[in-house]
Amino acid sequence: MAKQKNNLSASNPIGIFDSGIGGLTVANAITKLLPNEKLVYFGDIAHLPYGDKSADSIKYYGIRIAQFLLDQQCKIIVIACNTASALAYETIKDFVGNKAIVLNVIDPVVKVVAENKTTRHVGVIATKGTVRSDIYSKKITALRKDMKVSSLATPLLVSMIEEGFFNNKISRAVINSYLERPKLKKIDSLILACTHFPLIKPEIEEYYKHHMVIIDSAGVVASEVSETLKRNRLQTTLKKPKHHFYVSDYTDSFEKSTQFFFKGKITLEKADIWK
Ligand code: DGL
C-alpha cells in the first residue's frame with residue numbers, strides 16, 4: 001500500500017484551534033517563543049461555548065477542524081482548548097494518524113504540576129465539560145498518588161471574558177464568588193484549565209494576594225510545541241511568517257476582542273467548514 005502523504009515538513013505551519021478566541025492566548029505564547037513559525041488558527045465561534053456540549057459533538061467538531069488544518073498543510077495541530085483536549089484528543093489523534101503531530105493543552109500542564117514536589121493539593125477551574133471528564137484528577141494522580149485534586153466548574157468565566165469583562169468590578173465579583181467556594185479553600189496551587197483564563201490571571205493573583213502558585217497553559221504549551229519541533233527536526237527556517245486566523249462565524253466585536261488575546265492587530269477570515 002502506498003505510504004500516506006503527511007504534512008511533516010519544517011516549512012509547514014502550526015495549526016491551532018479552540019472553540020473561540022481563548023486559544024489565541026496559546027497562539028500568542030507560541031509566536032513569542034517561536035517567531036519564525038507560521039500559524040493557522042481556527043476559532044469555532046459558531047459552536048462556542050464547547051464547555052456545555054456533549055463529548056460526541058466536540059469529537060465531531062474536532063475532526064472537521066483537524067481536517068481543515070490538515071488541508072492547510074499543518075505539521076502540528078495544537079488543540080488549544082481544554083474542553084476539546086479532555087473530550088476529543090484521542091479521537092482527533094486517531095483521525096490525524098501520521099499526517100501531523102497532535103498536541104493537547106492538558107498533558108504539558110499535568111507534567112509541570114506533577115513535577116513540583118512542594119504541591120500537595122491542586123485546584124482546577126475549568127468548563128463544565130472539562131470538570132465532568134475528571135481528566136486532571138485522573139492524569140495528575142496517575143503520576144502523583146500523594147496529590148489531591150479539587151476541580152470546580154466556572155462556566156460564567158468564559159462568556160464574561162469573551163464579552164470583554166475583565167479587570168473591572170463585575171469580573172472581580174464573579175471571580176471572587178468562584179474562588180471563595182469551600183472546594184478551593186485548602187489548595188496550594190491553582191490550574192487555570194481553560195485557555196480563556198490567562199486574561200484574568202492578574203485578578204486571580206490579586207485575589208490570593210500573590211501567595212498562590214497559578215499555572216496556565218499558554219507558556220507551558222508553547223514550550224511543548226518548541227520541544228516537539230526540535231525532537232522531530234521540524235523547526236522552520238522561514239522569516240517573517242504570515243499567520244492566518246480563521247473563524248467559523250464572524251462579528252466585528254470578535255475581531256475587536258481578539259486584541260486582548262493576541263497582542264497586535266489580527267484580521268479574522270471566515271471559513272465555513274461545516275458545509
Ligand atoms: N477555551 C475553552 C477551554 O479551554 C473553553 C471555552 C468554551 O467553553 O468553549 O476549555
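Because the structure is predicted, anything quoted here is derived from the model rather than measured. Because only heavy atoms are used, hydrogens play no part in the values below, and waters and symmetry mates are left out as well, while side chains stay in. When a ligand or atom number is given, it counts from 1 through the structure's own listing order.
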When the side chains of residues 24-33 are checked against the rest of the protein, which donor-acceptor pairs come out under 3.5 Å, sequence neighbours left out?
{"unit_1": "T25", "atom_1": "OG1", "unit_2": "G22", "atom_2": "O", "d": "2.8"}
{"unit_1": "T25", "atom_1": "OG1", "unit_2": "T195", "atom_2": "O", "d": "2.7"}
{"unit_1": "N28", "atom_1": "OD1", "unit_2": "K263", "atom_2": "N", "d": "3.4"}
{"unit_1": "T31", "atom_1": "OG1", "unit_2": "A27", "atom_2": "O", "d": "3.4"}
{"unit_1": "T31", "atom_1": "OG1", "unit_2": "N28", "atom_2": "O", "d": "2.8"}

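A side-chain contact (heavy atoms from CB on, under 4.5 Å) with L234 is found for one member of V225, T228, I101 and no other, namely I101.
Remark: K201 NZ is packed, more than 12 non-hydrogen atoms of other residues, nucleotides or ligands lying under 6.0 Å away.
Taking the six-membered ring where the residue is Trp, H243 and F245 present perpendicular rings, their angle passing 60° and hence far from 30°.
Screening residues 35-46 for side chain to side chain donor-acceptor pair (under 3.5 Å), with sequence neighbours left out, gives E37-K75, D44-H47, D44-Y50, D44-S248.
Around ligand 1 you find D18, S19, L48, P49, Y50, G51, C81, N82, T83, T127, V158, C194, T195, H196, each with a heavy-atom distance below 4.0 Å.
Here R64 pairs with nothing under the salt bridge (Lys or Arg N to Asp or Glu O under 4.0 Å) rule; sequence neighbours left out.
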